[in-house]
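Below is one structure, written out as structure tokens; comments come after it.
These figures come from a predicted structure and were not determined experimentally.
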Amino acid sequence: MPRKRATIREVAQATGLSPAAVSYALRGLQVSEETKERVRAAAAELGYEADPIARALASGRTGMIGLLCGSLEDLWQQSLAVGISRGLFDKDRYALILDAVGDPARERSLAQQLRDQRVDGMIVQPIDPAAEFWPGLCESVPVVSIGDSITGTAGEVVFDNRRGVTLALEHLQAHGHRHVALLTPTRASTPDRPADVYVIAEGERLGLDIEVATAPHDLAGATAVARDVLSERRASAIFCFADSIAYGVYAAAHDLDLSIPGDVSVMGYDDHPMSGLLTPGLTTVDWDIDGIVRAAVRLVSAAADGATRRRRVVQQPTLRLRASVAPRPA
């Protein structure tokens with residue numbers, strides 16, 4: 001027979017304290033260090049563990065933070081999810097990680113499910129930041145967005161996409177490229193994301209001919225799109241809005257017996273650790289993923305604890321120069 005869960009009253013009897021005092025001691029509140037140690041020692045000896053359901057009912061908090069990812073096919077988003085889950089654990093919270101697989105309808109459904117499961121807060125990497133359901137959802141649960149602004153959030157960690165796009169396109173222009181293919185995960189149903197808008201505007205300013213194609217994050221899908229773009233041989237450089245998509249360009253170039261950067265230059269946009277191991281290494285834009293993790297965890301923890309002041313963190317980009325960009329072939 002399984003051993004019955006020890007109760008807080010049994011811990012109270014063992015220590016000679018009231019159940020309320022034991023509860024305070026276990027949570028580190030309003031008691032001396034000596035009392036905390038005595039209570040924790042008794043709890044350990046009795047095998048006492050706090051009932052998470054009872055604790056959630058009593059406090060109105062579950063200890064869970066929903067993490068809704070746009071697509072976990074994107075290796076950078078995988079790294080972000082790992083960092084955030086660890087950061088939340090360090091603050092005695094736990095991440096419930098869900099994957100919208102690049103589908104705006106699925107994103108809406110999962111966001112609403114997280115709300116209905118009474119998570120204490122939510123971190124989202126939105127596919128469609130302009131979707132109509134966000135403001136209403138943000139009224140019922142604290143939301144922190146990463147990447148793009150969402151109306152009504154408790155906080156946001158956004159990227160200076162104008163600066164990031166400018167760094168990338170000016171680098172390609174300086175190497176003589178005039179026709180650039182942009183591979184973006186943005187769909188026709190979500191056309192107004194800032195980074196995509198900035199590419200067109202900056203391309204016009206720099207006198208570049210920008211050809212836009214939608215590409216998924218998964219390697220097979222990105223490779224197929226890149227193969228079509230490379231087969232046309234119009235663009236001398238390909239700029240990818242995710243390093244995961246750029247990996248598909250490398251695979252397609254290999255299939256077509258094209259060299260990087262001899263036949264085509266390639267740039268990424270998030271500096272995944274794998275990018276430095278490629279041959280040649282991928283030139284990309286670094287957004288400081290560790291800084292993003294720290295900021296997102298800090299903002300959602302504060303919001304879950306009741307902070308009402310909305311905070312905005314703007315991540316600045318750094319150009320990570322490697323060998324995948326060279327002067328445009330004659």
query: Side-chain contact, heavy-atom cut-off 4.5 Å: Leu67 with Gln125?
result: yes
Qualifying ring pair (Phe, Tyr, Trp, His ring centres under 6.0 Å) pairs with a residue from residues 98-144, counting only residues at least two apart or across chains: none
Thr223 and Tyr250: side chain donor to acceptor below 3.5 Å: no
message: Tell me every residue that passes side-chain hydrogen bond (donor to acceptor under 3.5 Å, both in side chains) with Ser236, counting only those two or more places apart in sequence or in another chain.
response: His177
- prompt: Where do Ser79 and His272 land on the side chain to side chain contact (heavy atoms under 4.5 Å, CB included) test, with the steps shown first?
  reply: CA-CA 8 Å; Ser79 297; His272 186 272; 3.5 Å; yes
task: Specify the closest pair of heavy atoms between Ala131 and Pro135, including all atoms of both residues, with the distance to one decimal.
output: O-CD, 4.0 Å
query: Can you name the closest pair of heavy atoms from Gly121 and Val141 and give their distance?
result: CA-CG2, 4.0 Å
- prompt: Closest approach of Glu107 and Pro126, non-hydrogen atoms and distance?
  reply: OE2-CA, 3.1 Å
task: Flag yes if Met274 and Ile289 sit in one hydrophobic cluster, no otherwise; membership is Ile, Leu, Val, Met, Phe, Trp, Tyr, and two members link when side-chain heavy atoms are under 4.5 Å apart.
output: no
message: Looking at every heavy atom in both Val225 and Pro216, which two are closest together, and how far apart are they?
response: CG2-CD, 4.1 Å
message: Let me check something: do Leu277 and Leu321 share a hydrophobic cluster, defined by ILVMFWY side-chain heavy atoms less than 4.5 Å apart, either directly or through other members?
response: no
- request: Evaluate the side-chain proximity of Val124 to Val143: yes if any heavy-atom separation is below 4.5 Å, no if none is.
  value: yes
Closest contact, heavy atoms only, Pro317 versus Arg163: CG-CG, 3.5 Å
query: By salt bridge (charged side-chain N to carboxylate O under 4.0 Å, His left out), which residues pair with Asp209, not counting sequence neighbours?
result: none
- request: Please lay out, stage by stage, how Asp305 and Arg93 fare under the test salt bridge (Lys or Arg N to Asp or Glu O under 4.0 Å).
  value: CA-CA 11 Å; Asp305 286 339; Arg93 289 186 165 91; 2.5 Å; yes
- prompt: Taking C-beta and beyond as the side chain, do Arg298 and Arg311 meet within less than 4.5 Å on heavy atoms?
  reply: no
Side-chain (Gln315) to main-chain (Trp287) donor-acceptor, under 3.5 angstrom: yes
message: Taking Pro104's backbone N and O only, do any of them form a donor-acceptor pair with Asp128's side chain (distance below 3.5 Å, no angle check)?
response: no
- line: Sorted by chain and residue number, the salt bridge (charged side-chain N to carboxylate O under 4.0 Å, His left out) partners of Asp271 (sequence neighbours excluded) come out as Arg320, Arg322
task: Would you please name every residue forming a side-chain hydrogen bond (donor to acceptor under 3.5 Å, both in side chains) with Asp263, sequence neighbours left out?
output: Ser259
- prompt: Which residues pass the salt bridge (charged side-chain N to carboxylate O under 4.0 Å, His left out) test with Arg205, sequence neighbours left out?
  reply: Glu170, Glu202
query: Side chains of Leu75 and Asp243: does their closest heavy-atom pair fall under 4.5 Å?
result: no
statement: With sequence neighbours left out, the residues meeting side-chain hydrogen bond (donor to acceptor under 3.5 Å, both in side chains) with Ser18 are none
field: Any residue meeting side-chain hydrogen bond (donor to acceptor under 3.5 Å, both in side chains) with Ser109, in chain and number order, not counting sequence neighbours
entry: Gln113
Partners passing salt bridge (charged side-chain N to carboxylate O under 4.0 Å, His left out) against Arg312 (at least two apart in sequence or in another chain): Glu156
- request: Quick one: name the residues clustered hydrophobically with Val158, using the 4.5 Å side-chain heavy-atom rule over I, L, V, M, F, W, Y, and just say none if it's on its own.
  value: Val314
message: Tell me which pairs pass ring pair (Phe, Tyr, Trp, His ring centres under 6.0 Å) where either residue lies in residues 220-244, with sequence neighbours left out.
response: Phe239-Phe241, Phe239-Tyr269, Phe241-Tyr269
field: Sub-4.5 Å side-chain heavy-atom contact between Val199 and Ile210
entry: yes
- prompt: Are any of the side-chain heavy atoms of Lys36 and Glu33 separated by less than 4.5 Å?
  reply: yes
Check: Gln173 side chain, Leu208 main-chain N or O, donor-acceptor pair, under 3.5 Å: no
task: Say whether, by atom type as modelled, one donor and one acceptor occur between the side chain of Asp99 and the main chain of Leu72 under 3.5 angstrom.
output: yes
- prompt: Under the 3.5 angstrom rule, does the side chain of Asp120 hit a backbone N or O of Gly63 as a donor-acceptor pair?
  reply: yes
field: In one Ile/Leu/Val/Met/Phe/Trp/Tyr side-chain cluster, 4.5 Å: Leu80, Val82
entry: no
Show me the side-chain donor-acceptor pairs of residues 323-330 shorter than 3.5 Å, one per line, residues at least two apart or across chains.
unit_1	atom_1	unit_2	atom_2	d
Ser324	OG	Val266	O	2.6
Ser324	OG	Thr283	N	2.8
Arg328	NE	Gly176	O	2.7

